[in-house]
Amino acid sequence: MTNRYKNTFGLLFSLLLPLVILVLAESGLRWGGYGIDLDHLFLTTPDGQYLYMNKEISKRYFTASQATTGNIEFFKKKKDTNTIRMFVLGESAALGFPYPNNISFQRMLKYELQKNNPSKNIEIINLSLTAINSYTFYDFGKELAKYEPDAILIYGGHNEYYGALGVGSTNTFGNNPTTVRMIILLRQTRLVQLLERITHSFRGRGIDKESDNLMKYVVKNQLIKYQSPLFYKGIDQFRRNMEDLMSVFHEENIPVFCSTVGTNLKDQYPFRSILSEKTDSTFYREQLQAARLSVGQGEITTADSILTLLYNQDPAYADCSYLLGKVKLALGEKEKAYSYFNDAKQKDGLRFRAPDEINETIDRLAGTFNNIHKVDAEATFKAESPDHIPGYKLLLEHVHPTIEGHRLIAKCFLRELNGAGFFREKKMNEYVVTGESLSTFPVLEFDSLAGAYSCARLKQGFPFFETGNDTIQAETPVEKMAMQYVREKNWYKSMETLYKYAVSVKDYPLALDLMRVRILDNEYDPAFYSSAGDICTVMHRYEEALEYYRKSFTLHNTFPCAKEIISVALRLDKPETAVQYMEYAIANNQSSMNFRTLKNHCIEIIRYKKLLETTPSDEIYRKIREIYLQIGNTEAAALYPDRKLTR
């Protein structure tokens, strides 16, 4: 071998050796079971039938101490032709934070579409996570096509600065999307997980999740001035990720319904205000305090004059804009008030609320891609708010919708889905949004209380620092359960405790709502349908009971369920339905009941009922009644009373 070849071989060997060592180390770690699975967005249930979001998946974007979790929602691994499947991408506002699992526009949308299309199987899987942003949207989105979505729903944009990997986050790796996306891929390797664990062990204490909120820990560059280079980097980050995401969906011809985001303008004071360097800060703040005193004393015109002068002197100070909004509203100048409130949001130095440029980007995306449909929640929030300025009616604090806020977002998606022809294309029933839409969605007292308690706890810390929120006393059983949920964050345990309580006090409407809630959370668990059927039976709501039992039996054939279907069907004078389940009951009989004899009675009733259609007579009525009484079914027998038929 010549020296030239030897040198070339040596060079190749020196280049490849580190790579080989890394591959072997990675393989060894995986073989040894080290680390967590971040390769798969979805995991498979033990029976192999369903998929659900990997609860560790946020560690692609966060350090272990900051990682968040979303909801575990099951969907079929093999999608059938009768299933309509949608995925939701979003942040904590789309997840439903700070409410429990039941409250989110996604759950409301799923409930309404299933109610309007009972013959379809509606899957709307919420992939939202707290404190993530468009990097996660893109990373999730490029994997979704293979799961055959009929549509993608997006509600997000508040976390571009401080969300995971955002330009102002403690978790950032620079402003280059290509670099950040490479980091996301590397975090899936066991080697990088090992290195991060070693690094983290030298950093000391992580987040105390019992006393602090995540917002405090994800903020790196706390103050980001409006129209500063870092401000525009955040907008560019959102634009780049969303354009790439929409390109993925466009290539796969997947319709996307992307919503603008609502923001609390009227009732959220700016978190931080920044004066321009040229401004005399002492004089400015003295005058601002004078304006506040004037407002407090009802001297609105005086406050207006002071604030207008200050705004003209330095329009960058968000507090001034906010107070001007309050003053203009008091003067009845609502449009000007909205403008100043929005200006305060734009110039807030802590960027926990999406600036206008985020919604403008969404608007441009909808105009660029023919498969993108704009859902204008922002405009709807404005239209439905008192004085047309969004505040506490629709938003709990700065960005998280109230229950009514989620209901409005769901209505916005319903309107756009219908207007875009989605329902028609998918052979679903048309949907016209009215004032009654979503009015039957099962909102629990527990939901409202838990949301209020969580919000009060959130506001005690950064960046709100509100006082007086730690004096809430829980007195009633439901209040105590809601408070316990806020401490433990175990929704499933709370639902079981609340259900036992509802049954113990015979509050059957609450028990039924709880089962409806559990079905929304997991429509593939037959036990919830059976329990709902049991409650409806106790309430003598037999038609509903029959539907719940039949759904349960479809998911999992059992003798107890077949027995209940037969019993309820006969109470409803539906022997035809009962007969459909007789053979299963005969073959799997776990009771002393003689189902063969019962089947013969049903066949006899069916024959008599057919005779009634052509030759009604008192004798046939009597025979049907006697058969029902013979099998102990007094309710169906009462449908055939003694009477003289008119001939």
Side-chain angles (χ1 to χ4, degrees), residues 90-95 97-98 128 130-134 154-164 166-169 213-216 218-228 230-235 237-238 259-274 316-326 337-363 376-382 385 389-402 405-406 409 455 458-459 461-466:
E91 307 149 340
S92 57
L95 183 62
F97 178 89
S128 301
T130 299
I132 53 89
N133 55 37
S134 60
I154 303 176
Y155 184 91
H158 289 300
N159 292 346
E160 289 311 304
Y161 294 95
Y162 305 130
V167 295
S169 167
N213 60 63
L214 186 58
M215 287 191 286
K216 176 179 178 180
V218 298
V219 175
K220 180 180 181 181
N221 294 311
Q222 272 203 23
L223 299 183
I224 300 176
K225 190 174 182 180
Y226 181 54
Q227 295 182 331
S228 65
L230 195 57
F231 172 86
Y232 283 117
K233 284 177 181 177
I235 303 302
Q237 168 187 292
F238 183 75
S259 179
T260 55
V261 291
T263 304
N264 187 341
L265 300 179
K266 183 168 63 177
D267 298 317
Q268 180 58 63
Y269 210 90
F271 292 120
R272 297 288 186 275
S273 293
I274 306 172
Y317 204 66
D319 280 16
C320 181
S321 297
Y322 184 78
L323 285 172
L324 262 173
K326 290 285 189 184
Y338 177 88
S339 178
Y340 281 116
F341 280 129
N342 192 64
D343 190 64
K345 179 258 298 184
Q346 289 288 93
K347 294 167 182 173
D348 192 340
L350 269 181
R351 304 220 156 266
F352 286 115
R353 294 180 287 177
D356 292 348
E357 287 80 356
I358 293 293
N359 284 338
E360 290 167 3
T361 300
I362 292 168
D363 186 59
D376 207 344
E378 180 195 32
T380 303
F381 270 43
K382 183 178 178 182
S385 296
I389 307 172
Y392 282 150
K393 177 188 175 184
L394 300 178
L395 294 134
L396 286 165
E397 10 69 355
H398 56 316
V399 296
H400 297 110
T402 61
H406 279 288
I409 296 171
C455 187
L458 173 74
K459 287 186 173 183
F462 176 87
F464 302 94
F465 299 114
E466 291 187 8

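Bear in mind the structure is a predicted one, so any value in this text is a computation, not a measurement.
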| field | Pair Asp356 + Lys345: basic N to acidic O under 4.0 Å | value |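 Here Asp356 pairs with Lys345 in a salt bridge, since their nearest N and O are under 4.0 Å apart.
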
| task | Output yes when Asp348 and Arg272 qualify as a salt bridge under the 4.0 Å nitrogen-oxygen rule, no when they do not. | result |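 No.
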
| Intermediate values then yes/no, side-chain hydrogen bond (donor to acceptor under 3.5 Å, both in side chains), Asp319 and Ser273 | CA-CA 6 Å; Asp319 280 16; Ser273 293; 2.6 Å; yes

| task | Work out which heavy atom in Phe341 is nearest to a heavy atom in Leu265; give both atom names and the distance. | result |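 Closest approach of Phe341 to Leu265: CD2-O, 3.5 Å.
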
Modelled atom types, side-chain donor and acceptor of [X] and [Y], under 3.5 Å:
X: Asn359; Y: Thr260; answer: no
X: Gln346; Y: Glu357; answer: yes
X: Thr130; Y: Glu91; answer: no

| message | For Tyr322 and Tyr269, I'd like to know if the aromatic rings sit close, meaning centre-to-centre distance below 6.0 Å. | response |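 Ring-ring flag for Tyr322/Tyr269: true, centres closer than 6.0 Å.
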
| Does NZ or CZ of Lys266 come closer than 6.0 Å to the centre of the six-membered ring of Tyr392, within 45° of the ring's axis? |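 Not satisfied by the 6.0 Å and 45° rule.
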
| Which is it for Ile358 and Ile235 under the side chain to side chain contact (heavy atoms under 4.5 Å, CB included) test, yes or no, and what are the steps along the way? | CA-CA 7 Å; Ile358 293 293; Ile235 303 302; 4.1 Å; yes

With a 4.5 Å cut-off on side-chain heavy atoms, are [Y] and [X] touching?
X: Asn264; Y: Glu397; value: no
X: Arg351; Y: Tyr226; value: yes
X: Val399; Y: Val261; value: no

| message | Over 60° means perpendicular and under 30° means parallel, so tell me whether Phe464 and His398 are parallel, tilted or perpendicular. | response |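 The arrangement is perpendicular - the two ring planes meet at more than 60°.
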
